[in-house]
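All remarks here apply to the structure that follows.
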Amino acid sequence: MKKFCFSWLFILLLSAINVIVAQSPTSEKKALSNRIANYDMWVQLNPETKIVNGDMVINWKNTSPDTIKELHFHLYMNAFKNSRSTFLQETGGGMLRGLKMDKEKDNAWGYCNVQSITDVQNNELIKQFQYFQPDDTNSFDQTVARLTLNNPVLPNDSVVLKLKFETKMPVIFARAGFADNYFLVAQWFPKLGVYEHSGIRGAEKGRWNCHQYHGHSEFYADFSVYNVDITLPADFVVGATGVQTNEKSKTDGTKILSFRADDVVDFAWTASQRFKIVNSEWNDVKIHLLLQPEHFSQADRHLEALKYALEYFNQHVGPYPYPQITVVDPPMKGFGSAGMEYPMFITAGTLWNLPKGLRFPENVTIHEFGHNYFMGILATNEFEEAWMDEGMNTYFETRIMDDYYGKNNAWIDFPFYQEGDLTSKIKGYNFSDANKVAPSYLYSWHYNSGGYRNDGYGMMSYNKPAVFLSTLERMLGRETMDNIWRKYYDEWKFKHPSTEDFINLVVDNAALKYQKNYNADIRDFLKQSIYGTDICDYTVSGINNDNLTADAGLFDKNGKIVKLTETEKPAFKYLASVSLQRLGEFVVPVEVKVTFANGEEKITLWDGKSRTHVIKFLSDSKIVSAYIDPSHKNVMDVNLLNNSYAFKTEKSGIYKLVIQFLFAMQNFFQFFSAFI
Amino acid sequence: MTIKHAYINGFQLAVRSPRMIFTLYFTNFILVAIFALSFYSTISSAIGNSMLFDSFMKEENSLFLQDLLHNNGQGILAIVGQLKWALIAYWLLNVFLMGGIIRTFNKQKYGLTVFFGGAGYNFPRFLGLSVLIMLSHFVVFALAALFGFLGYTIFEESFQTERIYAFLIAASIVFYFILAIILFLASDFGKIYLLLNDSQNFFKAYFKAIAFVFKRFFKVYVLYLLLLVVPLVFFYLFTKINGDIGMKTIVGLTMMFFIQQIFIYIRFGFRVWTLGSLFEYYADELLLMNKIALEKERLTELAERKSELSTMINVKKDIKPEEKHENTGNSENINQKSVDLTVDDDEDDEIKVVPDDYDFDAIKPDADITPTHLNEFDKDDIDAKG
Ligand SMILES: [Zn+2]
């Protein structure tokens, strides 16, 4: 392997130019972010050993008012160093998303080893670089390290460091690694944590936010400029975060590819000899699809979904600020890297000849692209507030899927069964064992260690937010909701919003409307949904139509006693009433539609607070039915069946079900008879 | 008989057997309808006074179904749990009815006495055969799975794509069905053997039937595949109609109900067609086989006579004419009602069991006849034996 041979001076010169270019107001492209942590890297991939050797120069800016004495680094690949790492312990020895780490495979383990750290004075700092465990007491875990600096970094000052590192990619089962000669190189370099000064995400005083790599958690980083030179054998096709700026062939059969990415929170890349490339574009955004040859026929499925997602996000949230998006289609053996998101670079996932009725590639393309917004641009802390990236993004995924492919058949579309995307999320949330115990706001690794069931993280970070945000959208109207998203984008793009920041933004932009329409506080809805574990279930418990009789007896009227008898005609024939109950703990205002025998319909609002509630009417017509939330705005209600009551119901739906059941069983029995 | 004739004759048998097809259909319908009624009452009471399904016919929202299953799944699951008993009942009924169908084919006339007499009489031996066939399916299934698993272990490392897994799964399924078709054929041939032989030995029938399939492998296999073509085309057309009509209105729902029932009825028609074709083919093979046996016997007789004559000439010994049939072995079998369905020339002792009164001259290879009088037992026989 070729050794790194740049002189310090030259490196400093290069990175200084980079920083100047990145920050200069006269530079061609204006900086979109504060570009706190900037990385220049020169790396080389050895496909045989699965090792990436690299040199890098980090330029970190102290934008806080604090004096920084130490820097914290993520060394994610050490999660795969041995079976005692926190990641492998939390995933039951290496089982994530249904895939298991093949520990017996040659070269299975991975690591990230920092070999040298020098500062501008050429001091070797490696001895001041020490692993520690901010989240647990597992001393085997080496996924976080702190570097004590010789010279503290003053406010508004920068520190420049030169690092030499070696990263061995593990066999793929969780996001990054290798499968044969396919490489998904992510979480691969020593990466700085985020210094959150007082006020950022509720911090009371300055703190490093640099968590260990956990079984259920993703990442958090500052915005950066990356300049990365990758050297690897010439026959490899490469895709990466950023834009390729140069390619140089070398005489030893290798090539150097240069990439630059501005205002991004991460840098990932892929290399394989088998990729087939499809190039396309949407408006000014270049699209690169890197497909497995056996999936080439599905290029249009990916492209169509991606272009619609681009259009949708631009229209409903904000402009896609990057010039390019690369979609990687991993091979079967590298399926652990499928469905992942990195800035300007996502991994999808499909199977050979996957039926069109199963919209997995479309769904995963849309979902992962959406992460360019929810986490990529709106850079939330995925470790601590996973609902803000996975949940908000899943909400948009359901919107895009259901709008484009059909709300009843977006996810599964076969003649004998169809399912919409939001439906699949509602189902997951409603059926989850965790829905009564796990909140959406939880440090993501606590879903594992906190005694929750396995589906806690998935259901509460992905599904539940999609469900409560859809409910909110239906209550406020899509226009108001989109206004919230656009404001959220405008206010928080290229920053680190927190849950409270989002709640405040929603309150600022929709509280009045919510108050006006439902006579309730929108903050209550959001707090219950995000921090709470209450479930929502309202029911119509009964309908009464009591015959009214005229007043009878002796009444004082104008100083005289008047005798009235029951034979007089009453003012109204019936005292009609609907009894409602709140069976769950979740409180939300609900509309109730009451229908009378004469066809008249009345819609009333119940604040939903008390355990029981009776709506009374004086009427000449009997109530024939009552329906809580007749337009299905509240998709959080875990039992829709008990939301309505009618004396006479329409049976055709039941007949349809019975006929379908009969026919399916007849066929099944007949099929069975062939084997006897 | 050519497969073409078996195919056509089977079709004609099916066309001439609407009542038998209806019996099969009706059995299926009644058994399933009991469950459908139970399903209806369960979901009716689960839905109760809820209006959630009021618009379900117009817009099939799977969320409502999921909600129903989630909140009232126990009752529905209980019905599904009971289905295993229905399947056992259906199995027994099917075995029972097969005896009636094959006997009716053999008799060439449908009558309740013929049908149910045959059904009842054949039931125990058909049941034994059915158990053997089912066990064989398990074995074949296990073999196919093993085949797939072996493929997986061999190819796992060397292939980069999932295509190989798809191929392996497909190959295992194909492998299973290639072998399963032999069992489908043996199941029907075995039943025909048992009936025509009036044998209780379902083990022997099982092996004889499998042996027959292998001896006439190409013909019977092609015949079976041909018999699958029309149902597959029919199935495709049905799914098209299903999609086009849909169930979004009461009219559509009613139409679809009847179309579905016609579909099921016709599927049973295909079953009878298959059984009829196999019966025709078998029976014809049997006649041919017996003809060969008779011819062989005649030639043997001639040869013996020739040999006797030469002996007479050479040795000049007296011959007793009445001894000439002694070694044919036929005389004591004249009234025996058993035949061997295989055409194994080595098994002369079983081939030569043709009734003496059989009129072979009436049989032409292509004649459209059913060998009703071949080793056939009468209702009287059944009664006598039963
Ligand atoms: Zn996601």
Side-chain angles (χ1 to χ4, degrees), chain A residues 179-180 182 274 292-294 331-333 335 351-353 407-408 412 415 417-420 422-423 426-427 430-431 540 625 627 630 632 635 638-647 649-663 665-670 672-676, chain B residues 28-29 31-33 35-36 39-40 43-44 46-57 59-68 70-72 83 86-87 90-91 94-95 130 133-134 137 160-163 165-166 180 183-184 187 239 242-243 247 250 253 256-257 260 264 267-268 271:
Chain A
D180 297 331
Y182 161 78
R274 295 187 76 244
Q292 298 300 314
E294 62 273 18
M332 172 75 174
K333 286 186 179 176
F335 214 74
L351 292 171
W352 177 68
N353 270 352
K407 78 180 173 84
N408 289 331
I412 300 172
Y417 187 74
Q418 293 102 35
E419 192 172 293
L422 178 62
T423 295
I426 295 171
K427 203 173 83 180
N430 280 1
F431 292 13
V540 178
S625 70
Y627 210 131
H632 296 291
V635 288
V638 296
N639 186 346
L640 299 176
L641 210 55
N642 64 9
N643 282 23
S644 54
Y645 190 100
F647 290 112
T649 55
E650 171 63 44
K651 296 277 183 215
S652 58
I654 298 178
Y655 297 149
K656 183 176 180 178
L657 282 176
V658 172
I659 287 174
Q660 284 170 338
F661 176 84
L662 180 84
F663 185 59
M665 286 298 124
Q666 281 181 293
N667 277 293
F668 173 65
F669 274 49
Q670 202 171 35
F672 168 74
S673 69
F675 298 88
I676 49 180
Chain B
N28 174 290
F29 178 81
L31 209 58
V32 173
F35 277 89
F39 179 74
Y40 171 76
I43 61 166
S44 288
I47 292 170
N49 293 84
S50 175
M51 298 156 78
L52 188 63
F53 282 81
D54 277 13
S55 57
F56 190 77
M57 189 168 67
E59 189 187 353
E60 208 166 308
N61 187 339
S62 63
L63 178 62
F64 299 168
L65 266 186
Q66 299 293 347
D67 190 88
L68 179 70
H70 182 55
N71 293 299
N72 298 277
L83 276 173
L87 271 181
Y90 189 65
W91 169 44
N94 236 271
V95 171
S130 174
I133 293 289
M134 280 202 287
H137 275 292
Q160 291 185 307
T161 81
E162 70 279 17
R163 228 180 331 207
Y165 304 114
L183 292 176
F184 295 148
S187 173
T239 50
N242 195 17
M247 288 190 178
I250 280 287
L253 195 70
M256 273 318 295
F257 172 72
Q260 284 174 349
I264 297 286
R267 275 191 65 180
F268 279 112
R271 176 73 187 105

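Quick note on labels: first sequence line is chain A, next is B, and so on, each numbered from 1. Every value quoted in this text rests on a predicted model; they were computed, and no experiment measured them. Only heavy atoms go into these numbers, but all of them, side chains included; no hydrogens, no water, no symmetry mates.
Annotation: the span from B:Ile47 atom CD1 to A:Thr649 atom OG1 amounts to 8.0 Å, rounded to 0.5 Å. One distance of note links NE2 of A:His632 with CZ of B:Phe64; it measures 3.5 Å at 0.5 Å rounding. Within the model, atoms CD1 of A:Ile659 and CE of B:Met256 stand 9.5 Å from one another, a figure rounded to the nearest 0.5 Å. Here the CG atom belonging to B:Asn71 is positioned 8.0 Å from the CG atom belonging to A:Asn430, to the nearest 0.5 angstrom. Rounded to the nearest 0.5 Å, atoms CG (B:Leu253) and OH (A:Tyr655) are 10.0 Å apart. Here the straight-line distance linking atom CE of A:Met665 with atom CG of B:Asn28 works out to 11.0 Å at 0.5 Å rounding.
No other option in B:Phe53, B:Phe39, B:Phe56, B:Tyr40 has as many heavy-atom pairs under 4.5 Å with chain A as B:Phe39. Among A:Val540, A:Asn353, A:Val638, the residue making the largest number of heavy-atom pairs under 4.5 Å with chain B is A:Val638. Chain B forms the most heavy-atom pairs under 4.5 Å with one residue out of A:Lys407, A:Gln660, A:Glu650, A:Gln418, and that residue is A:Glu650. Chain B forms more heavy-atom pairs under 4.5 Å with one residue of A:Lys651, A:Glu419, A:Lys427 than with any other, namely A:Lys427. Considering only heavy-atom pairs separated by less than 4.5 Å from chain A, the leading option among B:Leu87, B:Ile43, B:Leu63 is B:Leu87. When the candidates B:Asn61, B:Leu52, B:Leu31 are compared by the number of heavy-atom contacts under 4.5 Å with chain A, B:Leu52 comes out ahead. In terms of heavy-atom pairs under 4.5 Å with chain B, the best-connected choice from A:Pro630, A:Gly420, A:Ala674 is A:Ala674. When each of B:Phe257, B:Trp91, B:Phe35 is checked for heavy-atom pairs under 4.5 Å with chain A, B:Trp91 comes out on top. With chain B as the partner, the residue from A:Phe663, A:Tyr627, A:Phe335, A:Phe647 showing the most heavy-atom pairs under 4.5 Å is A:Phe663.
The backbone N or O of A:Leu640 lies less than 3.5 Å from a partner atom in the side chain of B:Asp67, making a donor-acceptor pair. A donor-acceptor pair is defined here as one N or O able to donate and one able to accept, closer than 3.5 Å; such a pair exists between the side chain of B:Glu162 and the backbone of A:Trp352.
B:Ala180 does not touch chain A: none of its heavy atoms, backbone or side chain, sits under 4.5 Å away. Neither the backbone nor the side chain of A:Asn643 comes within contact range of chain B; no heavy atoms are under 4.5 Å apart. Proximity to chain B is absent for every atom of A:Val635, based on heavy atoms less than 4.5 angstrom apart. The contact between A:Asn639 and chain B is made by backbone and side chain atoms together, counting heavy-atom distances below 4.5 Å. Both the backbone and the side chain of A:Gln666 come within less than 4.5 Å of a heavy atom in chain B. With a threshold of 4.5 angstrom between heavy atoms, B:Tyr165 approaches chain A through side-chain atoms but not through N, CA, C or O. For chain B, the nearby parts of A:Leu657 are the backbone and the side chain; heavy atoms of each come within less than 4.5 Å. Heavy atoms closer than 4.5 Å to chain A are found in both the backbone and the side chain of B:Ser44.
Among B:Asn94, B:Ile264, B:Leu83, the single residue meeting the side-chain contact (heavy atoms from CB on, under 4.5 Å) criterion with A:Phe669 is B:Leu83.
B:Gln66 meets the side chain to side chain donor-acceptor pair (under 3.5 Å) test with A:Tyr417; sequence neighbours excluded. Looking at residues two or more places apart in sequence or on another chain, you find a side chain to side chain donor-acceptor pair (under 3.5 Å) between A:Tyr182 and A:Ser337.
Below 30°, between 30° and 60°, or above 60°: for B:His137 and A:Phe675 the angle between ring planes is above 60°, a perpendicular geometry.
Across B:Ala46 and A:Leu641, no two heavy atoms sit closer than the pair O-CD2, 3.5 Å. Closest approach of A:Ser644 to B:Met51, counting heavy atoms only: OG-N, 2.7 Å.
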Exercise. Output, in order, the C-alpha distance, side-chain angles, deciding distance and verdict of side-chain hydrogen bond (donor to acceptor under 3.5 Å, both in side chains) for B:Glu59 and A:Asn408.
Key: CA-CA 9 Å; B:Glu59 189 187 353; A:Asn408 289 331; 2.9 Å; yes
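Using a 4.5 Å cut-off on side-chain heavy atoms (C-beta onward), B:Gln260 and A:Leu662 make no contact.
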